[in-house]
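For this chain, numbers begin at 1 and follow the sequence in order. Because only heavy atoms are used, hydrogens play no part in the values below, and waters and symmetry mates are left out as well, while side chains stay in.
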Amino acid sequence: MGRRCWQRILAASSLSAALLLLGVATRALLPETENGALGSIWLGGKRRSPLQMLYDLDQGPSSALAEVHRQRRDLLRRACSRHTRRQRLLQPEDLRHVLVDDTHGLLYCYVPKVACTNWKRVLLALSRPGGGDPQAIPAPEAHAPGRLRSLADFSPAEINRRLRAYLAFLFVREPFERLASAYHNKLARPASAVFQRRYGTRIVRRLRPRPRPDALARGHDVRFAEFLAYLLDPRTRREEPFNEHWERAHALCHPCRLRYDVVGKFETLAEDAAFVLGLVGAPGLRFPAPPPRAKAATTRDLAARLFQDISPFYQQRLFDLYRMDFLLFNYSAPAYLRLH
């Protein structure tokens, strides 16, 4: 497949029995004057689209960062070919995590615990005249329903048009560090009472022998081993899908069905965010710096501490559960694991 014509697996042209039927469409990267009606809508013919900017980088002398992102695209495509077989048809709800910026021609699939609050802030800032400081946007506003449209809000034909013409990107994170961060922030902190009541009480009731009444009522003291046992319990996913904070990234964003042009990583967040904003033509828009406690080294230490008391048997089972995220996004098994 040549670079001039990248193929993307797309939502097809009709809904049938509540399923979004999938087909294959070809996205040709053309000069902006030939890039179709959508290009003129979002950019008014004044500048090149982010997708065209990426194509220009790919064709010209490659910078080190552009080469990194080209290699990540290639690795993801090869991993999908190697490790995925026939897949189920996507339903409209499967596209709920893919946010749409029609003004700049962007599709962003958000993965919780991978700087998604700050990316939502950036998309909101981009939608405002003059932009503004993304950091000034409160987190509840960034997550408020309806503030940002998703692909699931559009008809199949409109979905296809955007998938052909827009730059699609996602950000991922080492799976067990993301999992440790989700546990720490949603179940272990005193400020997480909502998650503790919804999930912590469920975990305690199902998995803890002779729980205390306050633990049954509040779910405030769930241990990491109990959280992992809950994830591995077959009843959990039979009852409802995983919560998005610990759902696998590939199950949220479907990278083997939808073509992503930029695969950013939490471990190189600043550089990758600047790369995306450069393609958008907003290099002056500063991506919010994460708080010190969110730095990769800190979460790596947290994950190592949490997993040290987990038996090799359960470490292996959990690795198998998240294996596709490790494979698709080129993460190695952490050194602290004692796998079979």
> Do the side chains of Arg317 and Asp320 get close enough for a salt bridge, i.e. N-O under 4.0 angstrom?
no
> Would Arg128 and Glu141 pass as an ion pair if we require N to O under 4.0 Å?
yes
> Will you find, in the side chains of Ser155 and Glu158, an N or O donor that is under 3.5 Å from an N or O acceptor?
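Yes, Glu158 and Ser155 have a side-chain donor paired with an acceptor closer than 3.5 Å.
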> Can you tell me if Arg72 uses its side chain to pair, donor with acceptor, with the backbone of Val263 under 3.5 Å?
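Present.
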> Looking at Ile310, is its backbone amide N or carbonyl O close enough to the side chain of Gln315 to form a donor-acceptor pair, meaning the two atoms are under 3.5 Å apart?
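Pair found, side chain donor or acceptor close to backbone of Ile310.
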> Treat each ILVMFWY residue as a node, draw an edge where side-chain heavy atoms are under 4.5 Å apart, and state whether Leu123 and Leu277 are in one component.
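The answer is yes; both residues are in one hydrophobic cluster.
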> Quick test of your reading of the model: are Asp133 and Arg286 salt-bridged, counting only N-O distances below 4.0 Å?
no
> Please find the pair of heavy atoms, one from Ala249 and one from Val172, that lie closest to each other, and give the distance.
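Ala249 and Val172 have their closest heavy atoms at CB-CG1, 4.3 Å.
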> Check Arg208 with Glu226, please: is the shortest side-chain N to carboxylate O separation under 4.0 Å?
yes
> Less than 4.0 Å between a side-chain N and a carboxylate O, is that true for Asp56 and Arg48?
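Salt bridge flag = yes for Asp56 with Arg48.
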> Would you say the side chain of Tyr314 lies within less than 4.5 Å of the side chain of Phe319, judging by non-hydrogen atoms?
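Contact flag for Phe319/Tyr314 side chains = no.
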> Looking just at side-chain N and O atoms, do Asp101 and Tyr166 make a donor-acceptor pair shorter than 3.5 Å?
no
> About how many Å separate CG of Leu57 and CG of Leu279, when rounded to the nearest 0.5 Å?
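Interatomic distance, Leu279 CG to Leu57 CG, rounded to 0.5 Å: 6.0 Å.
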> Got a second to check how far Cys256's SG is from His83's NE2, nearest 0.5 Å?
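The NE2 atom of His83 is 9.5 Å from SG of Cys256, to the nearest 0.5 Å.
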> Is the NZ or CZ atom of Arg178 both under 6.0 Å from the centre of the six-membered ring of Phe266 and within 45° of that ring's axis?
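Relative to the ring axis of Phe266, which defines the angle, Arg178 lies outside at least one limit.
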> Specify the closest pair of heavy atoms between Pro92 and Ala152, including all atoms of both residues, with the distance to one decimal.
O-CB, 3.3 Å
> Run the side-chain hydrogen bond (donor to acceptor under 3.5 Å, both in side chains) test on Glu247 and Asn243 for me, step by step, so that the C-alpha distance in whole Å, both residues' side-chain angles and the decisive distance to 0.1 Å come before the verdict.
CA-CA 6 Å; Glu247 179 61 279; Asn243 180 273; over 6 Å; no
> Starting at CZ of Arg96, measure out to CG of Leu151 and round the result to the nearest 0.5 Å.
10.0 Å
> What distance separates Leu124 CG from Ile137 CD1, expressed to the nearest 0.5 Å?
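If I round to the nearest 0.5 Å, the distance is 5.0 Å.
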> Are Leu126 and Leu106 close enough, and set up right, to give a side-chain contact (heavy atoms from CB on, under 4.5 Å), and what steps lead you there?
CA-CA 11 Å; Leu126 285 170; Leu106 297 174; 4.2 Å; yes
> Would you say the ring centroid of Trp119 lies under 6.0 angstrom from that of Tyr108?
yes
> Walk me through whether Asn185 and His245 qualify under side-chain hydrogen bond (donor to acceptor under 3.5 Å, both in side chains).
CA-CA 10 Å; Asn185 283 279; His245 290 84; over 6 Å; no
> For Asp261 and Ala168, indicate whether the former's side chain and the latter's backbone hold a donor-acceptor pair under 3.5 Å.
yes
> Between atom CZ of Arg257 and atom CG of Leu89, what is the distance when rounded to the nearest 0.5 Å?
6.5 Å
> Tell me the closest heavy-atom pair linking Pro112 and Cys116, and the distance in Å.
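So the two residues come closest at CA-SG, 3.8 Å.
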> Should Gln196 and Arg218 be marked as a side-chain contact (heavy atoms from CB on, under 4.5 Å) after you check the CA-CA gap, both sets of side-chain angles, and the distance that decides it?
CA-CA 6 Å; Gln196 289 167 354; Arg218 297 169 56 199; 5.9 Å; no
> Among Tyr230, Phe224, Tyr199, whose ring-ring contact (aromatic ring centres under 6.0 Å, His included) with Tyr183 holds?
Phe224
> Say whether Val68 and Phe329 are linked into one hydrophobic cluster, either directly or through other cluster members, by side-chain heavy-atom distances under 4.5 angstrom.
no
> Would a 4.5 Å heavy-atom cut-off, applied to side chains only, mark Leu339 and Pro312 as touching?
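The answer is no; the side chains never approach within 4.5 Å.
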> Does any part of the side chain of Phe242, heavy atoms only, come nearer than 4.5 Å to the side chain of Arg248, both counted from C-beta?
yes
> Does a salt bridge link Asp233 with Arg206, judged by any charged N lying under 4.0 Å from a carboxylate O?
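Counted as a salt bridge, because a side-chain N and a carboxylate O are separated by less than 4.0 Å.
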> Taking 4.0 angstrom as the limit, do Arg162 and Asp102 come out as a salt bridge?
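A salt bridge is present here (some side-chain N lies under 4.0 Å from a carboxylate O).
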> Does any part of the side chain of Leu258, heavy atoms only, come nearer than 4.5 Å to the side chain of Leu107, both counted from C-beta?
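No, their side chains stay 4.5 Å or more apart.
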> Would you say Thr236's side chain and Leu232's backbone share a donor-acceptor pair under 3.5 angstrom?
no
> Between Tyr331 and Phe176 (judged by ring centroids, cut-off 6.0 Å), do the two rings come close enough to count as a pair?
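Not under 6.0 Å, so no.
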> Starting from the C-alpha separation in whole Å, work towards a yes-or-no answer on side-chain contact (heavy atoms from CB on, under 4.5 Å) for Leu76 and Arg73.
CA-CA 5 Å; Leu76 176 57; Arg73 287 197 305 271; 5.9 Å; no
> Does a side-chain N-to-carboxylate-O contact under 4.0 Å join Glu240 and Arg198?
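Answer for the salt bridge query: yes.
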> Measure across Pro288 and Pro134 and return the closest heavy-atom pair with its distance rounded to 0.1 Å.
CG-CB, 3.9 Å
> Would a hydrophobic clustering, with Ile, Leu, Val, Met, Phe, Trp and Tyr connected at side-chain separations under 4.5 Å, put Leu75 with Leu170?
no
> Atom CG in Leu163, atom CD1 in Ile159: separation rounded to 0.5 Å?
7.0 Å
> Just so I know, are the side chains of Thr201 and Leu216 near enough to count as touching, which here means a heavy-atom distance under 4.5 Å?
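The answer is no, as the side chains (C-beta and beyond) never meet within the 4.5 Å cut-off.
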> For the pair Asp272 and Val276, evaluate side-chain contact (heavy atoms from CB on, under 4.5 Å) and give the outcome as yes or no after the intermediate values.
CA-CA 6 Å; Asp272 295 345; Val276 172; 5.8 Å; no
> Within the 3.5 Å criterion, strictly below it, is a donor on Tyr322 or Glu174 matched to an acceptor on the partner's side chain?
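No - no donor-acceptor pair under 3.5 Å links their side chains.
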> Indicate if Val204 and Leu231 have the same hydrophobic cluster label, given that clusters are the connected sets of ILVMFWY residues with side-chain heavy-atom separations under 4.5 angstrom.
yes
> Can you tell whether the side chains of Arg305 and Asp301 come within less than 4.0 Å, N to carboxylate O?
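A salt bridge is absent here (no side-chain N lies under 4.0 Å from a carboxylate O).
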> For Phe307 and Arg338, work out which heavy atoms get closest and say how close.
O-NH1, 4.5 Å
> Would you sort out whether His97 and Ser150 count as a side-chain hydrogen bond (donor to acceptor under 3.5 Å, both in side chains), showing the intermediate values?
CA-CA 7 Å; His97 273 246; Ser150 80; over 6 Å; no
> Heavy-atom distance under 4.5 Å between the side chains of Leu65 and His69, does that happen here?
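Yes - at least one pair of side-chain heavy atoms lies under 4.5 Å apart.
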> Quick one: is the NZ or CZ of Lys120 closer than 6.0 Å to the six-membered ring centre of Tyr110, and within 45° of its axis?
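Judged by the rule, Lys120 and Tyr110 form a cation-pi pair.
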> Is there side-chain contact between Phe287 and Val122, with at least one heavy-atom pair below 4.5 Å?
yes
> Taking all atoms of both residues into account, what is the closest heavy-atom pair of Lys265 and Phe171, and its distance?
N-CD2, 3.7 Å
> Is any side-chain heavy atom of Asp214 closer than 4.5 Å to a side-chain heavy atom of His220?
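Yes; the side chains approach each other to less than 4.5 Å.
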